[in-house]
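Letters A, B, ... are given to chains in the order of the sequence lines, protein chains preceding strands, and every chain is numbered from 1. Computed from heavy atoms alone, side chains included, the values below leave out hydrogens, waters and symmetry copies.
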Amino acid sequence: MTDISQNAAAEQSVPAGDGFGTEPAEPGFVRIQGKWQRVWEELKPFATADSDDKRPRKYILDMFPYPSGDLHMGHAEAYALGDVIARYWRQQGFNVLHPIGWDSFGLPAENAAIKRGVDPREWTYANIAQQRESMVRYAPSFDWDRVLHTSDPEYYKWNQWLFLKMYERGLAYRKDSWVNWDPVDQTVLANEQVLPDGTSERSGALVVKKKLTQWYLRITDYADRLLDDLNQLEGRWPSKVIAMQRNWIGRSTGADIDFEVEGRSEKVTVYTTRPDTLAGATFMVVAPDSDLAGELVAGAEDAGVRMAFQDYLEKVQKSTEIERLTADREKTGVFTGRYAINPLTGERLPIWAADYVLSDYGQGAIMAVPAHDQRDLDFARTFDLPVRVVVDTTQPVTGAIPVITEEDLENHAAHPDEFDPATTGTALTGEGRLVNSGQFDGLSKVNAIAKIVAHLEAQGLARKAKNYRLRDWLISRQRYWGTPIPILYDREGNEVPVPEEQLPVRLPASEGLDLKPKGTSPLGGATEWVETELDGKPMRRDTDTMDTFVDSSWYFLRFMSPNDDTQAFDPKEVDKWAPVDQYVGGVTHAILHLLYARFITKVLFDMGYVSFTEPFTALLNQGMVLMEGSAMSKSKGNIVKLSEQLDEFGVDAIRLTMAFAGPPEDDIDWADVSPAGAAKFLARAQRIAADVTSVPDVVWKTGDEKLRRQTHRLWADAPGLIEAFKFNVLVARIMELTNATRKVIDSGAGPADAAVREAAEAIALTLSLFAPYAAEEMWETLGYEPSVALYGWRKADPTLLVEESVTAVVQVDGKVRDRLEVSPKIAGEDLEKLARESTAVQRAIGERQVVNVIVRAPRLVNIATKP
RNA sequence: GCCGGUGUGGCGGAAUGGCAGACGCGGGGCACUCAAAAUGCUCUAUCCGAAAGGGUGUGUGGGUUCGAGUCCCACCACCGGCACCA
C-alpha cells in the first residue's frame, strides 16, 4: 500500500466538482471563487438597472469604509449582513441600488505620511486598491460602476459647494471661542470627538481648551427638528440609537429669569428648568470664564475679592478637562463681591463664580436653589450658604392639584427635620407642593412653574426658554488631508466666498509641505496656493480643511448619480431612490455620523434639493466581532486576520458564520463560533445538488409530499425571517431542509424524486443570500444558467402548508401528560373526548376532581383539577 | 446619578401567552475502514430510577392566567450610552 494509491482513493471519494477536495495546498473553494468572480465580472448581475426599469426599487446602503489598511473581521460582518438584505430584495423582484465607496480623507493617511514620508494620496489609494480587491473576493453584491472616493476632487468639489450654500444661508459661520484642542494631533476637535474621560477619540491625548477663530455649522438651529423627527424613526431604528441621539441633543425647557444686580443698570439673566423654586434661590452662580463674571468682579469694591477671583480663574483655566469632568469632586468657587435681588422675594443674593456653571450653556449664570438641586446644595454646604425648602416633597402630588387644603397646611407645619437638605445633604428633587413662596404656596410643580413664569412675564422679567446640550458643529481642522474650506480673505481680513464656478479648490500637492502637526494648517506653507486673487484683488485662502464628517454626511446622495460633474446629485435620481431604505453599519456612528447626515438632509430639504427630511428610513446596527471576550486589538494580541480566515475556510463559510452566529445586532465572539462547521454544512448542501438526478423541468407535484411540505414551509417563512433580520433562524431552517433532503435521498424516495430537486433548488436559492459561491455552484450543478442571484424566490403552495395531522398536547394542571396525533380540523369536543380517554391523562388525574377543561383545538387541551 | 439593553444547557443561540432548549458547536456511541481522515446514523438540560416513569428547570422574589422564558410589580447581576447642561 503506497501513499500514491491512498491519495487516489481519497480523491475518488470526493464527488467531482464539490469543491471541497482534500489537497491542503488549494482547497476547493479557491477554484470556485475564482470561477464565479470571472463570471460575475462579465455578467455584472448586480449593476443597478436603468431608469426605465419597471421593477420597484430598494436602496440598501452599507456604511462605507475608511481605507486604513486591509478589510478586517468587523467589515466582514457588516458587509455580509448588508448583502443578505440587498440580495434578498433583488430575489424578491426589486431593482436594488447597493453601492460602495471609500471615506478616504482623514488623519490616518496624514499620520502615515508623516511617519513614512510618503504622499497621503499614495497611501490612501494603495489601501483602497487593496480593500477593493479583498471586497471583490468577499463578494458583496455591489454595483461596481458607482464607486466614489471622498478624497477625489470630483467628490470634494461638492463638499465645497455644500459649504458655500450653507454659508449663503448663514448656516456656516466663523466665531471666536474656546475649542477642544488635541495637543498630539495639533488640531481642534468637535465636542463629539472628545471622549467622556476628556481625551481625544483619535489620538487619546488629554484635550485642552484653546481660544480660536473657527468655522461652525449651525446645527443647533435644527435641534428641535433633529429631536422631534426621531419619532418617525421609532421602530425602524434601534431604540438605543434613538435614545442616544435624544440624549445628545439634550433639550430642556424652562425659563430665562432676569435678576436685578445692585450697582448695575443691566439685569442678569439666568436659565432654569425649575422656576417653581425661585423663592428658594439663596444665591447666584456665574461661570468664572464668562465675560459676565469678569465684569461683575471688576465692579467689586474689595480689591481682595478681585485678586481671589483672578487666582481662581487662572486655576480653572489651567485645570484639564479630565479634572473638571470628575463627577463628585469638591465644589470650588469664589464670591464676586456683588449681589442680585430675588425678583420674587426681594432678597439680596450673593453672586458667586464657580466652575460647575458652564459659560456656554444657557446664560452662563444660574439661580442656586440648594434645597432642591444637589449641585447647588453641595456648593452651599461647602461655603456655608443658606438653604431654604420651598417645595414640600413629603406628600408627593399625583396629578395637578391647584390649591392646598387646610389639612395640607398643617402637614407642612409638621414638616419633619429628617428631610431638611441642610442636615441630610440630599436635595429634594421630587414632586411636591410649594411652601414659603407667598401667594404661590400650595401649588403643584407644574402649576407653580406656569403661574410663576406668567407672573414674572407680566412684569417683563421672564420668558419661556429652551436649551440644548447640542452645540454648533465645529468643522475647521488644522490638517492637510481634507477638503479645503472655499473661503478667501481680502487685505482687511473680510471673508469672500470662492465663486461656485471656480470649484473645486484643489488641495495643493503635499510635496514640500510640512505635514507635521504644529498648531496651524500645513496648507499655510503652500504659499503659491494661499496667495491668490479674485477679480484682480489679492486674496489669501483659508488654510483649514473640513472635518471628514462633512464628507460622509451626504455621500448617500452622491451614489445616485456618482459621475455627474454638473451637480452634487441628480434630483431626478434622488426622487427615484432616496431616502435609503435600509442602512447598515456599526453603532459606533450612532451619534456623530448619523446626526450630521440627518442635519445635512434637513438643510438640503429646506433648500429644496431633496423632498424628504430623514436620510435613512431604517437602520440596522451590527454588533462587533470579538475574540475571547474582548474587542480585537494589537495590545491584547487577539486579532483574528480576515485574510487568514478566508484562506482557511473560504468566503462562503465566513459569511455564513457571520449570519448564523446570532441576531445581527449582538456581538460575535469568534472563539464561540465555528467557521469549520459552516464549511461542513456548505459541502453537505453542495453534495445534495450533486446527488440530484432529475432534470430541471421535472414535475414537482409528483415528489415526496413530506419533503415538499417542508420546502414550502421554508418558502412561506423565509421572507418574514429576513425582513425581521432573523438571519440565523433562516440559516437554521435551510440546514433543516438540507438534513431532511439528505434523508430522502439516502433512505427515502431517492435522488431521482422530484421533491429532492425542488428542495435542492430551494436550498440553492435561499443559500445564495449567505454563501453566493456555493449557491452559484449548486445552481449550475442543478442545470441552470447563472446567476442564481437573479432568480426570484418561489412562493409557497398554500395547499402544502396545511398539515395532514398535528400533534395535540394534553396537559393536566399545566403539565404535559400525553400527545395525540389528530386531524388539524378536529372539533373541540372530539379532541376533549380523546384527551379524557387517554390512559396517561387518567393516571395523572387519578383521584382528583376535574374543575375546568380548556380546549384549543387542534393543538392543546388543558385539564385543571383540584383534590 | 439618569437613560437604554440583556440574563435560557458545557458554548453560540431558538421559541404569535400553549410540547422550553429548534439549528449549530463541543462531547459520547455506532457504521464504513487494516487504521485514520472524510462521510453517514445516533445519543447529549438536570436529578431519582435498571427500565417504565417521575421530580426540578429560562437571574431572584411576588403577581395576573386554565396555562408565563414570554405580560405586570419589586429586586439582583452584567453590558452600553450620557453625566456639574441648571
Side-chain angles (χ1 to χ4, degrees), chain A residues 1 6 9-10 13-15 20-22 196 238-248 250-252 254 270-274 277 285 324-329 331 354-358 360-369 372-376 378-379 429 467-471 587 590-591 656-657 660-663 665-669 671-678 680-681 683-684 687 726 728-736 738-739 742-743 746-747 807-819 840 843-844 851-856 859-865:
Chain A
M1 198 62 59
Q6 281 177 28
S13 71
V14 177
F20 287 78
T22 53
S239 56
K240 179 180 170 178
V241 174
I242 293 176
M244 282 165 77
Q245 294 231 344
R246 286 206 176 106
N247 210 325
W248 189 263
R251 179 165 64 194
S252 84
V270 304
Y271 171 71
T272 179
T273 55
R274 294 293 304 275
T277 61
V285 185
R324 211 186 63 76
L325 288 170
T326 307
D328 27 57
R329 85 184 220 276
K331 289 278 183 290
D355 67 354
Y356 81 92
V357 173
L358 309 176
D360 62 349
Y361 183 83
Q363 302 289 342
I366 63 155
M367 64 178 210
V369 186
H372 304 292
D373 182 288
Q374 191 59 47
R375 294 155 300 182
D376 296 341
D378 293 342
F379 191 83
T429 53
N467 270 296
Y468 306 91
R469 217 188 74 99
L470 181 72
R471 309 293 149 92
V587 73
I591 299 173
L656 188 70
T657 302
F660 186 55
E665 57 278 3
D666 288 2
D667 292 345
I668 298 173
D669 192 328
D672 290 339
V673 295
S674 172
K680 231 166 87 178
F681 163 69
R684 200 172 149 79
R687 276 196 302 274
K726 295 183 171 188
N728 56 331
V729 180
L730 178 56
V731 172
R733 297 287 302 276
I734 300 171
M735 288 173 169
E736 283 177 300
T738 304
N739 293 342
R742 170 51 53 201
K743 280 210 173 78
D746 288 350
S747 51
T807 307
V809 171
V810 186
Q811 300 177 332
V812 175
D813 294 322
K815 289 197 175 86
V816 179
R817 295 302 176 181
D818 201 6
R819 296 182 171 84
R843 189 171 58 229
V851 293
N852 193 8
V853 180
I854 307 292
V855 182
R856 292 280 180 276
R859 295 278 178 194
L860 177 123
V861 176
N862 188 12
I863 299 170
T865 68

Taking the side chain of [X] as its heavy atoms from C-beta onward, which of [options] lies nearest to it?
| X | options | answer |
| --- | --- | --- |
| A:Trp248 | B:A86, B:G13, B:C82 | B:C82 |
| A:Arg687 | B:C25, B:A86, B:G40 | B:G40 |
| A:Pro663 | B:C66, B:G12, B:G13 | B:G13 |
| A:Asp355 | B:C84, B:G80, B:G81 | B:C84 |
| A:Asn247 | B:A15, B:C82, B:G12 | B:C82 |
| A:Val673 | B:C19, B:C23, B:G12 | B:G12 |
| A:Glu736 | B:G81, B:C23, B:C25 | B:C23 |

What's the gap between [N] and [M] when it is taken at their [atom1] atoms, as a whole Å value?
| N | M | atom1 | value |
| --- | --- | --- | --- |
| B:U39 | B:G24 | P | 14 Å |
| B:C23 | B:A31 | C1' | 25 Å |
| B:U64 | B:G53 | P | 35 Å |
| B:A51 | B:C19 | C1' | 23 Å |
| B:C47 | B:G10 | P | 10 Å |
| B:A15 | B:A45 | C1' | 16 Å |
| B:G62 | B:C43 | P | 38 Å |
| B:A52 | B:U65 | C1' | 34 Å |

Exercise. Name the residue closer to the 5' end of RNA chain B, choosing between A:Arg733 and A:Gly362 according to the nucleotide with the nearest heavy atom.
Key: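 So the residue in question is A:Arg733.
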Quiz item: For A:Ala732 and A:Gly677, take the nucleotide of RNA chain B holding the closest heavy atom to each; which residue's nucleotide lies nearer the 5' end?
Solution: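 Closest to the 5' end, via its nearest nucleotide, is A:Ala732.
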Where the side chain of [X] meets the backbone of [Y], is there a donor-acceptor pair that is under 3.5 Å apart?
| X | Y | result |
| --- | --- | --- |
| A:Asp373 | A:Ala368 | no |
| A:Asp376 | A:Val369 | yes |
| A:Asn862 | A:Gly814 | yes |

Rounded to whole angstroms, how far apart are [atom1] on [X] and [atom2] on [N]?
| X | N | atom1 | atom2 | result |
| --- | --- | --- | --- | --- |
| A:Met244 | B:C79 | CE | C1' | 13 Å |
| A:Leu860 | B:A20 | CG | P | 10 Å |
| A:Phe660 | B:C25 | CZ | P | 8 Å |
| A:Asp666 | B:C78 | CG | P | 20 Å |
| A:Asp813 | B:A68 | CG | P | 11 Å |
| A:Asp746 | B:A31 | CG | C1' | 13 Å |
| A:Asp373 | B:C84 | CG | P | 13 Å |
| A:Phe681 | B:G40 | CZ | C1' | 16 Å |

Return the pairing partner of [N] with a 3.5 Å limit on both distances, Watson-Crick or G-U wobble; otherwise return none.
| N | result |
| --- | --- |
| B:C2 | B:G81 |
| B:A45 | B:U56 |
| B:G7 | B:C76 |
| B:C30 | B:G40 |

Side-chain N or O of [X] less than 4.0 angstrom from OP1 or OP2 on [N]?
| X | N | value |
| --- | --- | --- |
| A:Arg684 | B:G40 | yes |
| A:Asn728 | B:A14 | yes |
| A:Ser252 | B:A86 | yes |
| A:Arg469 | B:A83 | yes |
| A:Asn862 | B:U65 | no |
| A:Tyr356 | B:A86 | no |
| A:Lys680 | B:A38 | no |
| A:Arg246 | B:G4 | no |

Self-check item: Parallel, tilted or perpendicular, as decided by the 30° and 60° cut-offs, for the rings of A:Tyr271 and A:Tyr361
Solution: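 The rings of A:Tyr361 and A:Tyr271 stand perpendicular, inter-plane angle above 60°.
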Quiz prompt | Gap between atom CG of A:Asp818 and atom CD of A:Gln811 - 0.5 Å precision | solution =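 Answer for the CD-CG pair, A:Gln811 versus A:Asp818, is 12.0 Å.
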Quiz item: When syn is taken as a glycosidic angle within 90 degrees of 0, is B:G9 syn or anti?
Solution: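 Here the answer is syn: the torsion falls within 90° of 0.
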Self-check item: A:Thr277 and A:Met367: CA distance, side-chain angles, deciding distance, side-chain contact (heavy atoms from CB on, under 4.5 Å) verdict
Solution: CA-CA 10 Å; A:Thr277 61; A:Met367 64 178 210; 3.8 Å; yes
Quiz item: Looking only at N and O atoms, is any donor in the side chain of A:Arg856 or the base of B:G18 less than 3.5 Å from an acceptor on the other one?
Solution: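 Under the 3.5 Å cut-off, the side chain and the base do form a donor-acceptor pair.
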Select base, sugar-phosphate, or nothing to describe what [X] touches, counting heavy atoms under 4.0 Å on all strands.
| X | answer |
| --- | --- |
| A:Asn467 | nothing |
| A:Val809 | base |
| A:Gln811 | base |
| A:Asp378 | nothing |

Practice problem: State plainly whether the residues A:Asp360 and A:Arg471 are in salt-bridge range, i.e. N to O under 4.0 Å. | Solution: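 Salt bridge between A:Asp360 and A:Arg471, a charged N being under 4.0 Å from a carboxylate O: yes.
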Quiz item: Would A:Asn247 and A:Arg469 count as having a side-chain donor-acceptor pair, cut-off 3.5 Å?
Solution: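 No, no side-chain donor-acceptor pair sits under 3.5 Å.
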Exercise. Go along nucleotides 42-61 of chain B 5' to 3' and tag each nucleotide: B for a protein heavy atom under 4.0 Å from its base, S when only backbone or sugar atoms are that close, - otherwise.
Key: S----------SSSS-----
Quiz item: What are the two closest non-hydrogen atoms of A:Ala678 and A:Leu656, and how far apart are they?
Solution: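 Looking at all heavy atoms of both residues, the shortest contact is CB-CD2, 3.8 Å.
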Practice problem: Kindly give the heavy-atom pair with the smallest separation between A:Ala864 and A:Asp813, and that separation in Å. | Solution: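 Distance-wise, the nearest heavy atoms are CA-OD1, 3.4 Å.
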Quiz prompt | pair A:Ile734-A:Phe681: side-chain heavy atoms closer than 4.5 Å | solution =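 A side-chain contact under 4.5 Å exists here.
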